[in-house]
Protein chains: 2
Amino acid sequence: MIHEHRLAPSTKLGEDEIGEIYKVSRTVVRAALQSLAHVQLVEIQRNKGAFVASPTPREAREVFEARALLEPRTARSAASRVTPRDIEILKDHIAQEHLALDAGDNGRAINLSGRFHIEIARIADQDTISQFIETLIARSSLVIALYWRRESALCESHAHHALVQSIADGDEQNAEELMRSHLVDLNSALDLRDRPVRAQNLRELLQATDQ
Amino acid sequence: MIHEHRLAPSTKLGEDEIGEIYKVSRTVVRAALQSLAHVQLVEIQRNKGAFVASPTPREAREVFEARALLEPRTARSAASRVTPRDIEILKDHIAQEHLALDAGDNGRAINLSGRFHIEIARIADQDTISQFIETLIARSSLVIALYWRRESALCESHAHHALVQSIADGDEQNAEELMRSHLVDLNSALDLRDRPVRAQNLRELLQATDQ
DNA sequence: ATATTCTATATTGTATACAATTAAGCTTCA
DNA sequence: TGAAGCTTAATTGTATACAATATAGAATAT
């Protein structure tokens with residue numbers, strides 16, 4: 001519902017403001033903001049209001065540490081449960097990623113990359129863990145927006161392609177290992193040394209968390 | 001706020017009803033229920049209302065699988081970061097667990113056991129993962145309420161004692177392994193074959209998730 | 001000119017009021 | 001007797017109104 005904002009971290013999200021945009025009352029706006037706050041996409045300060053979250057370097061690190069803990073095992077599970085239909089879906093995802101990259105649409109590429117990871121979690125058929133991963137990937141969008149070092153080549157869908165191959169083969173060990181190293185690569189494309197000054201140009205990125 | 005209910009799974013949580021008990025308006029009750037719904041302690045059905053969650057065997061299994069994935073690594077982290085003050089706190093926890101068990105207060109014992117695990121996550125100093133673990137432990141209370149096979153000796157604080165010892169020693173490998181086997185033991189104290197018929201006597205247990 | 005305090009405005013927190021949907025009870029009919 | 005349908009009551013969903021808090025601006029003092 002609220003999910004169409006494309007806003008820079010720390011942006012104030014006034015209740016009246018949003019309500020007017022979407023033609024709903026503050027009641028529903030507040031509910032949506034609280035929901036987003038729970039997955040830490042927005043931060044609510046009592047009597048102050050809601051702001052787009054701006055993860056600290058530490059929070060950013062934790063997000064990727066958590067992903068490193070959950071996703072490799074999930075990829076392994078996916079490899080053991082995957083169906084031909086799932087493989088189709090994954091390959092389609094990758095094709096779309098290629099299209100986005102060729103079109104130079106980085107925001108969409110990151111969005112699709114996130115969905116790819118979520119899709120793998122879905123295949124693993126572990127709802128509880130999948131939910132955790134979904135929130136982590138949503139937060140990852142913010143982290144990438146803030147800490148991505150542009151010189152680094154993010155979203156090389158090469159890694160995704162290899163991952164799909166090992167999952168299709170049912171090679172659990174390889175899938176787990178590929179996911180692990182993929183996450184390490186992602187992490188090393190970030191510069192987590194200190195709080196970012198740049199905070200703009202997130203517009204393209206927040207759509208990565210929208211449906 | 002709402003956290004003092006001691007209710008059986010599937011119990012209807014009427015908004016007026018709760019609001020009258022706590023002398024607040026439905027507005028704040030709804031916010032609380034939505035918050036609890038997000039951690040899956042209550043289930044909200046649109047236009048129907050909120051109900052205390054009643055995890056299926058599958059959900060129950062997933063909760064413990066997720067814990068098995070997160071907590072051993074967390075125990076390892078705790079062992080590497082622990083301070084003398086932390087050890088004091090943990091030992092105090094165990095002492096209280098003993099008291100509760102001696103007093104035959106099973107509900108309180110389970111509550112304390114959960115807090116013990118949360119405390120270890122806190123020591124590990126990983127807020128993101130700690131949050132996940134907290135929600136898992138809250139849900140575990142429901143799971144235990146529904147699926148615990150009573151013949152089994154739950155809450156033997158023996159395991160906790162050994163865990164504290166290895167953490168205090170900074171023995172990361174041992175801490176991780178002890179946590180892993182502790183969770184296996186917990187799991188094997190459950191009977192997850194099918195949906196429970198018994199659903200009562202949860203009153204003592206839901207206080208395990210209260211603060 | 002700068003800082004500080006006081007006042008006014010704006011925004012959030014909470015309660016109430018209204019609308020929509022569901023649940024329950026009653027009547028009616030087979 | 002039981003089931004289907006209608007009517008009424010109760011409950012949730014949403015909007016609005018009021019209260020509390022914080023923010024911004026102006027006036028004053030140093």
Quickly work out the A:Glu15 CD to D:dA15 C1' distance and round it to whole Å. 14 Å
Distance, rounded to the nearest Å, where A:Arg26 contributes CZ and D:dC18 contributes C1': 11 Å
With a 4.0 Å cut-off on heavy atoms, is B:Arg46 in touch with a base, just the backbone sugar-phosphate, or nothing at all? sugar-phosphate
Considering only NZ, NE, NH1 and NH2 on the basic side and carboxylate oxygens on the acidic side, decide whether B:Arg85 and B:Glu88 come within less than 4.0 Å. yes
B:Thr135 and B:Gln40, any side-chain heavy atoms less than 4.5 Å apart: no
Per B:Val28 side chain, nearest of listed nucleotides C:dA15, C:dG13, D:dG13: C:dA15
Comparing B:Thr27 and B:Asp16 on DNA chain D - which has the more 5′ nearest nucleotide: B:Asp16
Separation of C:dG13 atom C1' from A:Gln45 atom CD, nearest Å, is 15 Å
Basic-acidic side-chain contact under 4.0 Å: A:Asp86, A:Arg81: no
Checking C:dT12, D:dA15, D:dT12 against the side chain of A:Val24 (C-beta onward), the nearest is D:dA15
Rounding to a whole Å, what distance do you find between B:Glu20:CD and C:dT16:P? 12 Å
Would you call A:Glu119 and A:Arg122 a salt bridge, taking side-chain N to carboxylate O under 4.0 Å as the test? yes
Heavy atoms under 4.0 Å, any strand shown: does B:Arg30 hit a base, just sugar-phosphate, or nothing? base
What integer distance in Å separates A:Ile44:CD1 from C:dT14:C1'? 15 Å
Nearest-angstrom distance from the residue atom CG of A:Asn47 to P of D:dA20: 12 Å
May I ask you to say whether B:Arg180 pairs ionically with B:Glu176, meaning some side-chain N is under 4.0 Å from a carboxylate O? yes
Side chain of A:Lys48 only, heavy atoms from C-beta on: which candidate in D:dA22, C:dA15, C:dT12 is closest? D:dA22
Closest listed nucleotide, where the reference is the side chain of A:Ser25 and the choices are C:dT22, D:dT14, C:dG13: D:dT14
Whole-Å distance between C:dA10 P and A:Lys12 NZ? 13 Å
Atom CD of B:Gln34 to atom P of D:dT12: distance rounded to whole Å? 12 Å
